[in-house]
Structures are given as C-alpha cells and as structure tokens.
A.B. asks: 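Dropping a structure here in structure tokens format, bear with me for questions.
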Amino acid sequence: MKAVRTAIVLAAIGVLLCLFLLVKVTWYTFIAFMLVAQPLLLAAILIFAVETLRALRQKGVL
Amino acid sequence: MTRALVALLLAPATALAAADTVPRPEGWIGTTEQWARGLGIVLALLALGVLAVAWGRLRRGATPRDVIGMLLFGLAVLPVVVIFFGYTQGFTGMESVSACGGCHVMTSHVADMQDPQSESLAAAHFKNRYIRENQCYTCHSDYGLLGTVSAKMDGIGHVYHYVTGTYERPIKIRHPFSNVRCFECHAGSQKFLKSPGHPAEIQPQLASGEVSCLTCHAPAHTPKEARR
C-alpha cells in the first residue's frame with residue numbers, strides 16, 4: 001500500500017512538472033521536465049509494475 | 001457548452017493571435033501546435049484528477065486492487081501521453097525568441113534584434129521578416145537532426161552557466177559563426193549569386209568557410225549592455 005501511494009505522489013509531481021512546461025515553456029520548465037519529471041514518472045511506473053507483479057505472485061497467478 | 005470548451009482550449013492560441021499583427025485566414029481555429037498544447041494541458045489535469053481520486057479511495061480503505069484500473073490509467077497511460085505532448089511543446093517552445101531571451105543576460109541581444117532602428121544583421125533579418133519566427137534559433141543552430149540536438153544541448157549548457165554565474169561579459173559566441181547557417185537560406189538564390197559582393201571566384205571560399213560572411217556583413221548584434 002505504501003509503495004502504491006509513493007508511486008501516486010511521484011507521478012503527481014511528474015505530471016505537475018509536465019503541466020508547468022505545457023502552460024509556459026521556459027528553460028527552467030524544460031529542464032525540470034527533462035531531468036526531473038521523466039525520471040519521477042519512470043520511477044512511479046516501475047514501482048507500480050513491481051507492486052502489481054508482487055500481488056499477482058502472492059495470488060499464484062504468476 | 002461545446003463552444004465554451006473550444007474557447008477554453010484555444011485560450012492560449014487566441015492570446016498568441018492577438019499578440020501577432022498578421023491577419024488570420026477566415027475560419028482560423030489555431031495551429032496544430034496550439035491544439036496539441038491545449039490537449040496536453042487537459043490530459044495532464046485529467047491525470048492529476050485520476051490520481052487524486054485513486055489517492056482518496058485508498059485513504060478511505062480501498063485496496064490497490066479496487067483501484068487498479070484507475071492506477072493503470074493515471075500512473076502509466078496518461079503520463080506517457082502527457083510526456084509525448086511535453087516533448088512536442090518543449091522542443092518547439094525552446095526554439096522561440098522568448099525562450100532565448102528568457103535569461104536576462106540575453107535581453108539586450110533580443111531587444112537589439114527587435115529594434116527597427118538597429119542596423120545589425122540580426123535586426124535586418126527580423127524587421128524585414130527574412131526569418132518569420134524563431135529567429136535566434138534559426139541562425140544559431142545547424143539544420144538537420146544533429147543540429148537540433150546540438151542546439152538543445154548547448155542551450156542546457158547556457159542555462160547552467162547562467163544559473164551558476166560562470167560566464168563572462170560581454171556575451172560572445174563560443175565558436176566562429178558558420179557560413180553554412182547563412183547558406184541554408186541564401187545559397188542558390190539569385191540575389192546572392194548575382195550580388196557584386198559575391199563574385200564567382202570568392203564563392204568557393206565562402207562555401208568552405210575560409211572567408212566568413214560576417215567579414216562584410218558584421219555586426220551580427222549591437223546589444224546595449226544588459227544587467228543581470
């Protein structure tokens with residue numbers, strides 16, 4: 001549960017940084033998008049994937 | 001309702017159109033880029049909404065399994081689409097004059113270029129609309145994919161030097177300006193070929209870069225000193 005919540009927070013921050021870029025393109029929003037938003041979103045997806053796989057294993061599906 | 005939604009989506013486009021004095025064709029509904037930007041904003045807000053709802057449900061005692069669809073949509077599907085729109089907007093947006101002039105140290109260069117009284121080469125290109133948009137980027141990047149990537153990397157380096165203060169005044173171009181960038185537009189044009197200033201015997205030297213275009217066409221910029 002904690003991992004999923006962490007993933008949600010990371011994804012929300014990542015999407016928010018993307019939103020800043022879409023609203024106004026500056027070098028600062030662009031660098032935040034390139035260097036922060038994308039790693040955060042990638043981390044969120046990985047955490048979510050790992051948690052999903054773990055849950056499936058526990059249920060004996062995998 | 002539909003009209004209101006379209007008006008909301010096109011708000012940035014309308015603002016840009018108002019700022020530009022070029023008349024729009026009849027039935028103007030914005031550019032593809034402006035629509036992509038509006039759609040990206042809507043999808044980003046939707047992703048945040050989905051994540052907020054999933055978070056709320058988890059706090060109220062739901063298990064991750066109960067909100068798996070919501071999580072899949074909000075954590076994986078929508079962010080990937082939003083990143084795609086971020087790339088399209090980010091890469092095109094960073095080519096604009098406002099992006100180049102975003103650091104205070106460059107405002108005097110931009111002001112000089114946009115000054116109708118300026119006699120600099122950049123101003124001549126700007127006021128005569130020789131280059132319609134993204135004037136800084138057009139002259140300061142090589143064409144082709146590598147030129148785009150190289151210009152973006154240089155830009156990130158410029159931001160680093162600006163933020164850390166590791167640069168010297170007055171601002172100078174790092175490498176000699178390449179004639180290739182001038183040739184992208186001018187080479188082959190009758191005005192260039194028939195100009196008495198470009199006799200046939202000197203054209204190979206211009207093409208090889210042995211003689212710089214700026215030897216005769218300087219100064220490229222005449223900025224007044226900017227304050228940080």
Side-chain angles (χ1 to χ4, degrees), chain A, chain B residues 12 36-56 58-59 62-65 67-68 70-72 74-96 98-103 152 155-156 158-160 162-163:
Chain A
M1 179 70 96
K2 194 178 175 185
V4 173
R5 284 187 176 176
T6 305
I8 291 176
V9 171
L10 294 179
I13 296 170
V15 172
L16 204 58
L17 292 174
C18 293
L19 187 62
F20 290 154
L21 177 77
L22 288 163
V23 169
K24 186 162 177 62
V25 180
T26 67
W27 275 104
Y28 302 109
T29 55
F30 182 68
I31 288 175
F33 168 75
M34 293 295 283
L35 303 182
V36 184
Q38 291 181 73
L40 286 180
L41 289 169
L42 182 65
I45 291 173
L46 286 177
I47 291 170
F48 176 62
V50 168
E51 280 303 303
T52 307
L53 287 174
R54 190 178 291 165
L56 290 172
R57 279 207 186 114
Q58 279 175 356
K59 292 193 177 302
V61 179
L62 290 178
Chain B
R37 182 183 175 198
L39 191 58
I41 290 172
V42 168
L43 291 174
L45 290 172
L46 181 64
L48 287 173
V50 169
L51 290 173
V53 171
W55 178 270
L58 287 173
R59 282 197 67 168
T63 64
R65 195 183 169 188
V67 290
I68 186 80
M70 218 176 269
L71 289 174
L72 190 68
L75 279 175
V77 178
L78 280 174
V80 169
V81 181
V82 170
I83 283 176
F84 169 77
F85 282 113
Y87 267 106
T88 61
Q89 292 305 298
F91 274 97
T92 53
M94 293 322 298
E95 294 169 5
S96 68
S98 62
C100 297
C103 297
K152 297 291 186 294
I156 288 174
H158 294 160
V159 173
Y160 170 78
Y162 179 70
V163 170

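Here is the naming used below: chain letters follow the sequence lines, and residue numbers restart at 1 for every chain. Just so you know, these numbers use all the heavy atoms, side chains as well, and skip hydrogens, waters and symmetry mates.
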A.B. asks: State, to 0.1 Å, how close B:Leu58 and A:Arg5 come at their nearest heavy-atom pair, and which atoms those are.
C.D. replies: O-NH2, 3.4 Å
A.B. asks: If I measure from the heavy atoms of chain A, does B:Leu78 come under 4.5 Å with its side chain, its backbone, both, or neither?
C.D. replies: neither
A.B. asks: Where is the tightest heavy-atom contact between A:Phe30 and B:Phe91, given as atom of each residue plus distance?
C.D. replies: CE1-N, 4.1 Å
A.B. asks: Between B:Tyr87 and A:Met34, is the side-chain contact (heavy atoms from CB on, under 4.5 Å) condition met? List the steps.
C.D. replies: CA-CA 9 Å; B:Tyr87 267 106; A:Met34 293 295 283; 3.9 Å; yes
A.B. asks: Give, for atom CG of B:Leu39 and atom CG of A:Leu22, the distance between the pair rounded to the nearest 0.5 Å.
C.D. replies: 9.5 Å
A.B. asks: B:Val82, B:Ile83, B:Thr92, B:Leu45: which one forms the most heavy-atom pairs within less than 4.5 Å of chain A?
C.D. replies: B:Ile83
A.B. asks: Chain B: which of A:Leu17, A:Leu19, A:Thr26, A:Thr52 shares the most heavy-atom pairs with it under 4.5 Å?
C.D. replies: A:Leu19
A.B. asks: Once rounded to the nearest 0.5 Å, what's the spacing between atom NZ of A:Lys24 and atom CD of B:Gln89?
C.D. replies: 13.0 Å
A.B. asks: Atom NZ of B:Lys152 and atom CH2 of A:Trp27: how far apart are they, to the nearest 0.5 Å?
C.D. replies: 6.5 Å
A.B. asks: Is B:Ile68 close to chain A through its backbone or its side chain, or both, or neither, when contacts mean heavy atoms under 4.5 Å?
C.D. replies: both
A.B. asks: Can you find a heavy atom in the side chain of B:Leu71 that is under 4.5 Å from one in the side chain of A:Ile8?
C.D. replies: yes
A.B. asks: Look up atom CG in A:Leu46 and atom CG in B:Leu75, then write down how far apart they are to the nearest 0.5 Å.
C.D. replies: 11.5 Å
A.B. asks: So how far is it from B:Leu48 CG to A:Cys18 SG, rounded to the nearest 0.5 Å?
C.D. replies: 9.5 Å
A.B. asks: At a 4.5 Å cut-off on heavy atoms, which part of A:Ala7 comes close to chain B: side chain, backbone, both, or neither?
C.D. replies: both
A.B. asks: Between atom CZ of A:Phe33 and atom CE of B:Met94, what is the distance when rounded to the nearest 0.5 Å?
C.D. replies: 12.0 Å
A.B. asks: For B:Arg65, is it the side chain, the backbone, both, or neither that has a heavy atom closer than 4.5 Å to a heavy atom of chain A?
C.D. replies: side chain
A.B. asks: Grab the two heavy atoms, one from A:Val15 and one from B:Pro79, that are nearest each other, plus how far apart they are.
C.D. replies: CG2-CG, 4.2 Å
A.B. asks: With a 4.5 angstrom heavy-atom cut-off, is it the side chain or the backbone of A:Thr29 that approaches chain B, or both, or neither?
C.D. replies: neither
A.B. asks: With only heavy atoms counted, which part of A:Val23 is less than 4.5 Å from chain B, the side chain, the backbone, both or neither?
C.D. replies: both
A.B. asks: Can you give me the closest heavy-atom contact between A:Val25 and B:Gly90, atom names plus distance?
C.D. replies: CG1-O, 4.1 Å
